[in-house]
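Data block below; observations after.
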Amino acid sequence: MSENATSRGLDAQGCIEREGSLARVPYAFRPVVAVARDRLLEVFGARLDSAYLYGSIPRGNARVGRSDLDLLVALREEPTDADREATRALGEAVDKEFPQIDGVGTLLYSRARLLSELETYDLGWFVACLCTPLLGEDLAEYLPRYRPDSLLARETNGDLALLLPRWRQRIAAAEDTDGARRPLVRFMSRHLVRTAFTLVMPRWNGWTSDLAEMAEAFGTYYPERAEQLRAAAALGYEPHGDPAVLRSYVDDLGPWLAEEYARVHGIKAPRPD
């Protein structure tokens with residue numbers, strides 16, 4: 001494997017290297033991580049199979065007061081509505097306690113779901129490559145190595161067409177304020193940039209979680225949309241609540257990207273939920 005490929009997040013065999021580690025957690029965020037870890041144990045106890053960090057904090061590039069704490073929790077059985085409510089309450093409490101973070105997002109699944117055949121190239125890949133072990137057994141030991149190929153592209157982001165109607169509903173239901181729209185701009189900007197990147201990922205032959213680098217990689221193959229993606233990447237880091245941006249996402253960029261994605265990689269296998 002060439003030096004160029006290795007520098008693009010791949011190992012010597014051309015597989016995606018796992019990003020992040022507890023050693024990279026910036027000093028300012030270590031108390032947050034420690035408290036979140038302890039409270040997950042308090043909430044779930046023996047029902048907790050494993051827990052992980054992901055995002056900017058374990059990658060080491062989190063910004064104090066701007067970055068959120070991202071967690072993934074695997075339970076020994078299917079999570080209930082009560083589990084989801086407990087997770088939400090835990091996140092709100094940690095967010096309120098620590099001003100160095102701007103929100104807590106927690107994904108909650110069963111061990112069986114994460115290791116299922118259906119999720120091997122979606123949630124399984126996410127655990128194995130983008131998540132940093134925090135508690136319990138590391139489920140990556142039961143998952144394959146992953147290459148930046150069309151199968152991975154399809155199963156990670158080949159469902160954008162299904163998401164767009166839900167996005168339109170969320171936009172319509174949001175309060176008519178900059179503060180209410182800003183989180184939607186941030187979320188949708190990031191999702192679209194990541195989808196655009198995985199569209200070209202097999203040709204680019206690598207992996208990155210940097211939104212700006214994702215946009216540049218995409219622009220190499222779709223120069224007519226390059227500026228649009230660069231703007232979306234910037235809004236993924238520094239969002240504002242402009243309603244015109246949200247309209248452009250669901251009326252222009254999103255539909256185009258969903259159609260092109262289906263043409264190039266196909267449609268993601270249906271999920272039960």
Side-chain angles (χ1 to χ4, degrees), residues 8-9 54-56 66-68 70 103 105 121-122 125-126 130 148-271:
R8 288 183 170 183
Y54 68 94
S56 62
R66 308 297 289 274
S67 296
D68 52 0
D70 295 310
Y121 289 89
D122 188 9
W125 165 79
F126 185 76
L130 304 190
D149 57 20
S150 186
L151 171 61
L152 183 61
R154 186 186 75 221
E155 291 304 304
T156 52
N157 288 303
D159 58 351
L160 182 59
L162 296 177
L163 297 178
L164 289 174
R166 303 176 200 172
W167 288 13
R168 294 186 182 99
Q169 292 173 358
R170 291 180 64 182
I171 293 169
E175 293 183 10
D176 188 19
T177 66
D178 184 87
R181 287 188 293 263
R182 193 180 304 119
L184 294 179
V185 170
R186 180 176 184 268
F187 166 76
M188 293 178 189
S189 297
R190 291 184 170 208
H191 194 106
L192 289 172
V193 171
R194 289 166 180 158
T195 302
F197 170 70
T198 52
L199 171 64
V200 303
M201 175 181 66
R203 284 184 281 176
W204 193 69
N205 191 33
W207 174 261
T208 177
S209 284
D210 182 273
L211 296 179
E213 190 173 12
M214 286 180 165
E216 291 305 315
F218 169 84
T220 300
Y221 303 97
Y222 293 92
E224 70 279 9
R225 293 273 181 174
E227 285 304 316
Q228 200 172 14
L229 255 291
R230 292 189 188 103
L235 289 171
Y237 289 124
E238 300 287 348
H240 56 70
D242 186 350
V245 170
L246 293 173
R247 287 195 299 271
S248 74
Y249 285 173
V250 296
D251 293 340
D252 176 36
L253 179 58
W256 173 83
L257 186 54
E259 182 177 353
E260 182 68 1
Y261 214 99
R263 184 187 72 81
V264 175
H265 298 301
I267 299 172
K268 184 176 183 175
R271 298 303 196 265

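On a predicted model such as this, the values are computed, not experimentally measured, just so you know.
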Contact summary for [X] and [Y], nearest pair of heavy atoms:
X      : Y      : result
Leu164 : Ala258 : CD1-CB, 4.5 Å
Pro202 : Asp149 : CG-C, 3.6 Å
Ala217 : Tyr221 : O-CD1, 3.2 Å

Without swapping roles, check the side chain of [X] against the backbone of [Y] for a donor-acceptor pair under 3.5 Å.
X      : Y      : value
Thr177 : Ala180 : yes
Tyr237 : Leu211 : yes
Arg181 : Gly179 : no
Glu155 : Ala269 : yes
Arg8   : Trp204 : yes

Taking the side chain as every heavy atom from C-beta outward, state whether [X] and [Y] have any atom pair closer than 4.5 Å.
X      : Y      : answer
Leu130 : Trp207 : yes
Met188 : Ile171 : yes
Thr195 : Phe218 : no
Tyr261 : Leu160 : no
Ser56  : Ser67  : yes
Asp159 : Ile267 : no
Met201 : Phe197 : yes

Worksheet item: Side chains of Thr156 and Asp122: do they bring a donor and an acceptor to under 3.5 Å?
Response: no

Response to the item:
Applied to residues 192-212, the salt bridge (Lys or Arg N to Asp or Glu O under 4.0 Å) test, sequence neighbours excluded, yields none

Fill in: Trace of the side-chain contact (heavy atoms from CB on, under 4.5 Å) decision for Leu253 with Leu229
CA-CA 9 Å; Leu253 179 58; Leu229 255 291; 3.9 Å; yes

Worksheet item: Hey, is Arg225 close enough to Asp252 for a salt bridge, meaning N to O under 4.0 Å?
Response: yes

Which residues satisfy the side chain to side chain contact (heavy atoms under 4.5 Å, CB included) test with [X], sequence neighbours excluded?
X      : value
Pro183 : none
Glu260 : Leu199, Tyr222, Trp256, Arg263, Val264
Pro239 : Arg182, Val185, Arg186

Donor-acceptor pairs under 3.5 Å, side chain of residues 241-250 to any protein atom, not counting sequence neighbours: which ones?
from   : atom 1 : to     : atom 2 : distance (Å)
Asp242 : OD1    : Ala244 : N      : 2.9
Ser248 : OG     : Val245 : O      : 2.7
Tyr249 : OH     : Ser189 : OG     : 2.7

Worksheet item: For atom CD of Glu175, is the number of surrounding heavy atoms from other residues, nucleotides or ligands below 6.0 Å larger than 12?
Response: no

Practice prompt. Check step by step if side-chain contact (heavy atoms from CB on, under 4.5 Å) holds for Leu235 and Arg190.
Written response: CA-CA 8 Å; Leu235 289 171; Arg190 291 184 170 208; over 6 Å; no

Fill in: Over-ring placement of Arg170 relative to Phe187, 6.0 Å and 45° cut-offs
yes

Fill in: Verdict with reasoning, Arg154 to Thr198, per side-chain contact (heavy atoms from CB on, under 4.5 Å)
CA-CA 8 Å; Arg154 186 186 75 221; Thr198 52; over 6 Å; no

Worksheet entry | Qualifying residues under side chain to side chain donor-acceptor pair (under 3.5 Å), relative to Glu259, sequence neighbours excluded | none

